[in-house]
Amino acid sequence: MLSRPPGIEDVFPDRVAIRDGITSTARDAFRLAGYREIIIPVIEFTEVFARGIGDDTDIVSKEMFTFEDRGGRSLTLRPEGTASVVRAYVENGDYNRLSTCKFFYTGPMFRAERPQRGRLRQFNQFGAECFGSGDPWYDCEVIAMMDSIARRVGIRDHEVLINSIGCPACRANFIAELRSYYSGKTGALCRDCGARLERNPLRLLDCKEESCRDLKGDAPRITDYLCEGCRDHHDALKRHLAAARVAYTEDHLLVRGLDYYTRTTFEFVSSALGGQNAFAAGGRYDNLVELFGGRPTPAVGFAAGIERMELLIDGSEAPPRGGDVYLVHSGGPALERAQELCIFLRDRGISADLEPSTTGFRAQFKKADREGARVALVIGEDELASSTCTMKNLKSGEQDTVPFDAVHDRVLAILRQGYNPE
RNA sequence: GUGGCUGUAGUUCAAUGGUAGAGCCCUGGAUUGUGGAUCCAGUCGUUGCGGGUUCGAAUCCCGUCAGCCACCCCA
């Protein structure tokens with residue numbers, strides 16, 4: 001039997017309904033805040049990600065699906081969205097001349113990781129990016145948007161963690177301090193952290209090894225080493241978040257794995273997710289546009305993992321929506337009449353279905369019930385002879401004889417009852 | 001990339017090394033033109049795949065593939 005590749009899912013209708021709910025909620029929230037949708041390519045030159053995400057990150061060094069085109073150029077299936085949005089922004093002169101520019105995107109991302117709960121090789125994200133202002137008001141805006149989306153799709157008990165990792169200047173001071181704190185304690189560090197101390201000391205702070213965890217208690221805090229500008233920015237963000245009524249927790253151990261972040265970093269986490277506890281994350285990246293060859297342009301954004309959000313939503317909240325009408329017939333000329341009526345109703349926006357093979361009325365009613373239809377229209381010998389059909393309200397059980405030319409109005413009357421509960 | 005657990009019907013799961021089963025689902029009937037509840041009957045299998053041990057393997061051993069979980073990392 002043919003099968004799908006590992007870490008890649010088929011999504012059947014019940015889950016598509018849940019996913020549609022999440023993405024349409026996100027789209028609404030973005031549009032209300034003035035963010036407009038951008039559609040970015042699924043495939044980019046590998047260089048876009050190598051430069052944007054960082055050569056040293058795990059994503060670039062070992063988790064990308066990369067291949068060569070016929071001309072020998074290296075292409076990669078996008079592992080995230082920000083690098084592409086920045087590339088598109090810099091490449092398009094019309095947009096990068098605007099003072100502030102707000103985009104959102106949604107779609108599949110690809111990472112060649114080992115699959116587990118909440119981690120797929122093909123997964124979906126939505127995200128937003130705001131270019132052109134370094135004002136912490138926008139840091140607050142993207143966090144508040146994500147918080148609103150999470151609450152509106154029914155995610156409860158999540159936490160919003162925030163931190164600042166400063167700018168390159170003050171971060172260098174902090175890293176020097178961090179190095180000297182850990183340099184006398186290398187014996188107590190795990191093997192991975194020995195290497196981290198050299199290559200990327202910030203990551204020492206989110207190691208989960210018990211021995212390393214113990215050392216963090218007395219480690220220097222990055223927020224104590226921020227320069228005046230970064231400190232003011234962080235304080236202003238906290239004031240804005242309080243005014244926006246976003247409940248947040250400061251986490252000075254929150255650092256990002258991607259190279260492009262400056263100042264604000266944040267993460268939405270839920271303990272219900274297990275090992276992969278973050279379902280959205282982002283931050284400020286004031287130097288990335290310049291790194292891509294654009295004019296220096298501050299920016300802030302985030303991305304959310306849609307499958308991880310699905311894990312946090314109670315599936316019972318999305319009952320499958322049944323059809324409106326099911327046609328029950330006795331075959332032959334009655335089937336032809338039922339087919340006529342079926343198409344007539346569909347043309348008028350009423351969903352209708354029938355069973356073409358001739359089975360008993362009992363079986364057809366059973367099917368109507370299973371498929372969640374609200375109205376059954378019966379066309380048998382009697383109805384054919386009198387140009388009527390028997391209309392049954394499947395919810396109340398009431399039944400009535402209706403002439404053909406009144407079917408549309410009478411069906412509508414029943415369907416509308418659902419919208420006016422007494 | 002590392003480690004652990006699990007692979008049996010469409011699905012959820014049983015089965016001391018000795019006849020592969022049950023619930024749900026599905027189909028039909030009780031009810032010849034009326035669903036949901038109940039009862040009855042029926043269909044459904046290369047026990048993931050390949051080897052080995054054995055008189056005999058779903059069961060034990062080896063390999064392999066897949067899935068899940070954790071680490072790593074990340075959304």
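Reminder, nothing fancy here: chain letters follow the sequence lines and each chain counts from 1.
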Please state the C1' separation for the pair B/U16 and B/C69 - nearest whole angstrom. 30 Å
For the pair A/Glu307 and A/Arg19, find out whether any cationic side-chain nitrogen is under 4.0 Å from an anionic carboxylate oxygen. yes
Are any protein N/O atoms closer than 3.5 Å to N/O atoms in nucleotides 33-35 of chain B? If there are, list each pair with its distance.
{"residue": "B/G33", "atom": "O6", "partner": "A/Glu381", "partner atom": "N", "Å": "3.4"}
{"residue": "B/G33", "atom": "O6", "partner": "A/Asp382", "partner atom": "N", "Å": "2.8"}
{"residue": "B/G33", "atom": "O6", "partner": "A/Asp382", "partner atom": "OD1", "Å": "3.4"}
{"residue": "B/G33", "atom": "O6", "partner": "A/Asp382", "partner atom": "OD2", "Å": "3.0"}
{"residue": "B/G33", "atom": "O6", "partner": "A/Glu383", "partner atom": "OE1", "Å": "3.3"}
{"residue": "B/G33", "atom": "N1", "partner": "A/Glu383", "partner atom": "OE1", "Å": "2.8"}
{"residue": "B/G33", "atom": "N1", "partner": "A/Glu383", "partner atom": "OE2", "Å": "3.0"}
{"residue": "B/G33", "atom": "N2", "partner": "A/Glu383", "partner atom": "OE2", "Å": "2.7"}
{"residue": "B/U34", "atom": "O2", "partner": "A/Lys392", "partner atom": "NZ", "Å": "3.1"}
{"residue": "B/U34", "atom": "O2", "partner": "A/Gln399", "partner atom": "OE1", "Å": "3.3"}
{"residue": "B/U34", "atom": "N3", "partner": "A/Gln399", "partner atom": "OE1", "Å": "3.0"}
{"residue": "B/U34", "atom": "N3", "partner": "A/Gln399", "partner atom": "NE2", "Å": "3.2"}
{"residue": "B/U34", "atom": "O4", "partner": "A/Gln399", "partner atom": "NE2", "Å": "2.8"}
{"residue": "B/G35", "atom": "O2'", "partner": "A/Asp369", "partner atom": "OD2", "Å": "3.3"}
{"residue": "B/G35", "atom": "N7", "partner": "A/Lys392", "partner atom": "NZ", "Å": "3.2"}
{"residue": "B/G35", "atom": "N1", "partner": "A/Leu394", "partner atom": "O", "Å": "2.4"}
{"residue": "B/G35", "atom": "N2", "partner": "A/Asp369", "partner atom": "OD1", "Å": "3.0"}
{"residue": "B/G35", "atom": "N2", "partner": "A/Leu394", "partner atom": "O", "Å": "2.7"}
{"residue": "B/G35", "atom": "N3", "partner": "A/Asp369", "partner atom": "OD1", "Å": "3.3"}

Side-chain N or O of A/Gln116 closer than 4.0 Å to phosphate OP1/OP2 of B/A70: yes
For the pair A/Phe30 and A/Phe126, name the ring-plane relationship: parallel under 30°, tilted 30 to 60°, perpendicular over 60°. perpendicular
Take atom P in B/U47 and the same atom in B/G21, then report the distance between them in whole Å. 13 Å
Give one of base, sugar-phosphate or nothing for A/Leu120, where a contact means two heavy atoms less than 4.0 Å apart. base
Just to verify, what does A/Arg78 make a side-chain hydrogen bond (donor to acceptor under 3.5 Å, both in side chains) with, not counting sequence neighbours? none
How far does the P atom of B/C72 sit from the matching atom of B/C13, given to the nearest Å? 29 Å
What contact category does A/Phe279 fall into here, base, sugar-phosphate, or nothing, at under 4.0 angstrom with non-hydrogen atoms? sugar-phosphate
Sort and list the pairs that fulfil side-chain hydrogen bond (donor to acceptor under 3.5 Å, both in side chains) and have at least one residue in residues 328-339 of chain A, not counting sequence neighbours. A/Ser330-A/Glu381
Duplex segments of RNA chain B, taken as runs of at least three Watson-Crick or G-U pairs that stay under 3.5 Å: B:1-7 with B:65-71, B:10-13 with B:21-24, B:26-30 with B:38-42, B:48-52 with B:60-64
Does A/Pro79 reach a base, just sugar-phosphate, or nothing at all? Heavy atoms under 4.0 Å. nothing
Rounding to the closest angstrom, what is the interatomic distance between B/C61 and B/U53 at atom P? 15 Å
With C1' as the reference atom in both, quote the distance from B/U27 to B/C44 in angstrom, rounded to an integer. 11 Å
When you check the side-chain N and O atoms of A/Glu355 and A/Ser357, is any donor under 3.5 Å from an acceptor? yes
Contact class for A/Arg308 vs. all strands (heavy atom < 4.0 Å): base, sugar-phosphate, or nothing? base
Return yes if the base of B/C69 and the side-chain atoms of A/Arg119 contain a donor-acceptor N/O pair under 3.5 Å, otherwise no. no
Result block: side-chain N/O donor-acceptor pairs under 3.5 angstrom for residues 135-148 of chain A, not counting sequence neighbours:
{"residue": "A/Asp135", "atom": "OD1", "partner": "A/Trp137", "partner atom": "N", "Å": "2.7"}
{"residue": "A/Asp139", "atom": "OD1", "partner": "A/Arg284", "partner atom": "NE", "Å": "3.0"}
{"residue": "A/Asp139", "atom": "OD1", "partner": "A/Arg284", "partner atom": "NH2", "Å": "2.6"}
{"residue": "A/Asp139", "atom": "OD2", "partner": "A/His233", "partner atom": "NE2", "Å": "2.9"}
{"residue": "A/Asp139", "atom": "OD2", "partner": "A/Thr264", "partner atom": "OG1", "Å": "2.6"}
{"residue": "A/Asp139", "atom": "OD2", "partner": "A/Arg284", "partner atom": "NE", "Å": "3.1"}
{"residue": "A/Glu141", "atom": "OE1", "partner": "A/Tyr35", "partner atom": "OH", "Å": "2.6"}
{"residue": "A/Glu141", "atom": "OE1", "partner": "A/Lys102", "partner atom": "NZ", "Å": "3.1"}
{"residue": "A/Glu141", "atom": "OE2", "partner": "A/Lys102", "partner atom": "NZ", "Å": "3.3"}
{"residue": "A/Asp147", "atom": "OD1", "partner": "A/His158", "partner atom": "NE2", "Å": "3.0"}
{"residue": "A/Asp147", "atom": "OD2", "partner": "A/Arg151", "partner atom": "NE", "Å": "3.3"}

Is the shortest distance from a Lys or Arg side-chain nitrogen in A/Arg410 or A/Asp405 to a carboxylate oxygen in the other one below 4.0 Å? no
Say we look at B/A15 and B/U8: how far apart would their P atoms be, to the nearest angstrom? 14 Å
Inter-nucleotide P distance (B/C24, B/G36), Å rounded: 15 Å
Pairing residues for A/Arg362 by the side chain to side chain contact (heavy atoms under 4.5 Å, CB included) criterion, not counting sequence neighbours: A/Lys366
Just to be sure I understand the rule, does A/Gly118 reach a base, reach only the sugar-phosphate, or reach nothing, if contact means heavy atoms closer than 4.0 Å? base
